[in-house]
Structure formats: C-alpha cells, structure tokens
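Okay, so here's the structure we're looking at.
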Amino acid sequence: MSNLLFDEPGPRARRRIRLATVAGVLVLLALLALAVRQFAANGQLAAERWQPYATWPMWRYLLGGLWSTALAAVVSAALSMAAGIALALGRVSRRRAVRLPSAAYVEAVRTVPALLLVYLVLFALPRYGLDLPLFWKLVVPLAVSNAALFAEVFRAGIMSVERGQGEAALALGLRQGQSMRLVVLPQAARRVLPSIVSQSVGLLKDTSLGFVVSYAELLYSGKVLANFNGLLIQTYIVVALVYLVVNASLSALARSLDRSAAGRGGSRRRITRGRRIIRVNR
C-alpha cells in the first residue's frame, strides 16, 4: 500500500520533476552568486567586517539568545503537547459534549495566525488586568496555537492504531480510559514521533515572534547586536546560519526516526509473513 496522499508520479512526471528541480537549483545558485557579488562590490565581504564574529564575546551573546530561544521552545512544546493530547482524546471521545468543543477549538485556532495571538496577549489582556511576564507573553500564544496542531498529530496516531488493540484491552478487563492510556496512546506516540519532531521545528522557528514582545531570543539578540556594532548584514547572516544548523539537525532527527519506524514496521511485516508461510508449509 502506498504511503502517499496522492498517486505516485509516472516516468514522464518524474522527468518533469527532475527538470524543475534542476532549474530551481540553478536559479537559486544564480541569485546567491548575484547576492555575493553585490556584497563584495559594497565591501560587505571584507575580512574586518567579519572579524568580530571570530571572538568569543560575540558568540557568547548570540548563544545566550539561542538558549532563550530553546527555553521558550521547550516550554511551549511541553504545554502544547499536553494540551494536544487532551484535545486529541476529546476529538475521539464518544461523548458529544467533549468531542464538539475539542473539534471547535482545533478548527478555530488552526485558522488564527500565531502572531495575532501574540498581539492579543501583548495588548488585549493587560486591559483586563492580566499582564503576563515577558517570557509568558511569548510562550502562552505559541502553546495555544501549537496545541491545535499537536492535537491533529496525536489524533492521527490514535486513529492509526488497529481497533483490535483497544478491543483486546477491554476484553482483558481494562476500562476505556485505561485501554487508551496503557495500550493505544503509547503505540500512537511511537508512530507519530517523527511528526512531533517536525512540528517542533516549526515551533522553534515561531519563537522568533519574541521579536515582537522584546523577548531576548536569538533574532531579537541579533537585532540588538546589529544596532550595537553596525554590522547589520553580517549579524543577520550569522543568525540565519545558526537557525539553519539547529533546524537542519532537528529535521535530520525527524527523518532518522521516520526511517527507523519504517524499518521496524517492515521487519514486523516480514516476520508475520514468514510465520504465515511456516504455517502453510506445515
């Protein structure tokens, strides 16, 4: 069975995809070469303009911003995952009074940009006497926004678990909640682990919205540093490279987990097929 959401491309379509990929790469390389040429023409590639970033004080400041980014991302991910599991359980609940509010939250919040939620926490809540600390002005809207996304990820994992797993647990005497907590959820979490890591990459990038609330995350730290040393282009290139390394590492982890999960699934299918052959031969 194909694991794609669409038909696999044929030979002609694959050829067009390869040609489009090559053309896109060539265009990007041309644009990159043009940018480098312009930077060189304006003296932005001079060694003295990059020399400050070979010193520890510069990197210590940027790494402090990276630590703040990681802290906000981890706390937001923990809160949004916990809320996402609760919402996913609500969406698959048999009780209409639980299922409908959960579905309404997910569908409504998924359509609202995270930036709008940041502005809501930043400007609207203080008018009603709720002025959160700076850290939570970033974490709360990110957790609210990503809870809906994680809810769909966990719901997909729950729905992918064979129905017989829960039925077997109920037959053994477990209650519905125990069956979900002890049997279904652990399997669902393992299956969607690559998707969880991929969604965490997006959450990490969303922490750059701390720029709006003046939270000292990596991008805001880069802005302060650029205003201090006047090296605007160099600073933002270095910040972009840091984001690239961190997000690429997380994406590589997600692909590794995906391949590992696919390998385990293939091994189970081969073992099952082998057992069936043995039974037939007997």
Side-chain angles (χ1 to χ4, degrees), residues 25 27-80 113-115 117-119 121-123 131-143 145-146 196-256:
V25 170
V27 170
L28 288 176
L29 289 176
L31 292 175
L32 181 60
L34 180 61
V36 171
R37 180 181 178 183
Q38 288 297 111
F39 287 159
N42 290 278
Q44 297 297 332
L45 298 182
E48 61 271 11
R49 300 189 69 85
W50 293 92
Q51 183 62 34
Y53 291 97
T55 61
W56 171 242
M58 288 285 192
W59 280 104
R60 182 174 56 189
Y61 183 76
L62 289 178
L63 290 176
L66 180 60
W67 166 253
S68 298
T69 292
L71 181 62
V74 168
V75 175
S76 299
L79 293 176
S80 55
L115 180 59
L117 296 176
V118 172
Y119 281 132
V121 172
L122 183 61
F123 297 115
D131 192 7
L132 299 176
L134 193 60
F135 176 77
W136 295 104
K137 286 181 179 178
L138 174 63
V139 169
V140 168
L142 290 184
S145 177
N146 283 272
I196 291 174
V197 176
S198 298
Q199 183 57 41
S200 299
V201 173
L203 195 154
L204 180 67
K205 291 186 288 187
D206 286 344
T207 57
S208 60
L209 294 176
F211 186 93
V212 177
V213 300
S214 300
Y215 174 69
E217 43 78 42
L218 182 58
L219 184 60
Y220 185 80
S221 298
K223 174 194 172 185
V224 173
L225 189 59
N227 290 336
F228 173 75
N229 58 24
L231 303 175
L232 182 67
I233 293 176
Q234 291 76 10
T235 300
Y236 282 117
I237 288 178
V238 170
V239 169
L241 290 175
V242 173
Y243 272 118
L244 179 63
V245 170
V246 173
N247 290 327
S249 300
L250 291 175
S251 298
L253 175 61
R255 289 192 297 270
S256 176

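For the single chain, residues carry numbers from 1 onward in sequence order. FYI, side chains are in, hydrogens and waters are out, and symmetry mates aren't considered; it's all heavy atoms of this structure.
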* Asked: In Å and rounded to the nearest 0.5 Å, what is the CH2 to CG distance from W56 to L63?
  -> 5.5 Å
* Structure fact -> Rounding to 0.5 Å, atoms CG (L204) and CG (L218) come to a distance of 9.0 Å
* **Under 3.5 Å donor-acceptor, T55 side chain and Q51 backbone** => no
* Is there a donor-acceptor contact under 3.5 Å from the side chain of T207 to the main chain of A72? -> no
* Is there side-chain contact between S68 and Y220, with at least one heavy-atom pair below 4.5 Å? -> no
* Shortest non-hydrogen contact from A143 to S80? -> O-CB, 3.6 Å
* Heavy-atom count around W50 CH2 within 6.0 Å, excluding the residue itself: above 12? -> yes
* Asked: Got a sec, which residues hit salt bridge (charged side-chain N to carboxylate O under 4.0 Å, His left out) with K223, two or more places apart in sequence or on another chain?
  -> none
* **Student check: side-chain heavy atoms of L62 and V242 closer than 4.5 Å** => no
* Rounded to the nearest 0.5 Å, how far apart are OG of S214 and CG of L138? -> 11.0 Å
* Spell out, as yes or no, whether a donor-acceptor pair under 3.5 Å connects the side chain of Y215 to the backbone of V139. => no
* At what distance, to the nearest 0.5 angstrom, does CG of L122 lie from CG of L209? -> 11.5 Å
* Asked: Do the non-hydrogen side-chain atoms of L117 and V121 ever get within less than 4.5 Å of each other?
  -> no
Indicate every side-chain donor-acceptor pair of residues 229-238 with a distance under 3.5 Å to a residue at least two apart or in another chain.
| unit_1 | atom_1 | unit_2 | atom_2 | d |
| --- | --- | --- | --- | --- |
| N229 | OD1 | L231 | N | 2.9 |
| N229 | ND2 | L225 | O | 3.4 |
| Q234 | NE2 | Q44 | O | 2.8 |
| Q234 | NE2 | Q44 | OE1 | 2.9 |
| T235 | OG1 | Y53 | OH | 2.2 |
| T235 | OG1 | L231 | O | 2.6 |

* Has the side chain of S200 got a donor or acceptor atom that lies under 3.5 Å from a matching backbone atom of I196? -> yes
* To do: Look up atom NZ in K205 and atom CG in L219, then write down how far apart they are to the nearest 0.5 Å.
  => 13.5 Å
* F123: ring pair (Phe, Tyr, Trp, His ring centres under 6.0 Å) partners, not counting sequence neighbours -> Y119
* Determine the minimum heavy-atom distance between S76 and L203, stating which atoms define it. => CB-CD2, 3.7 Å
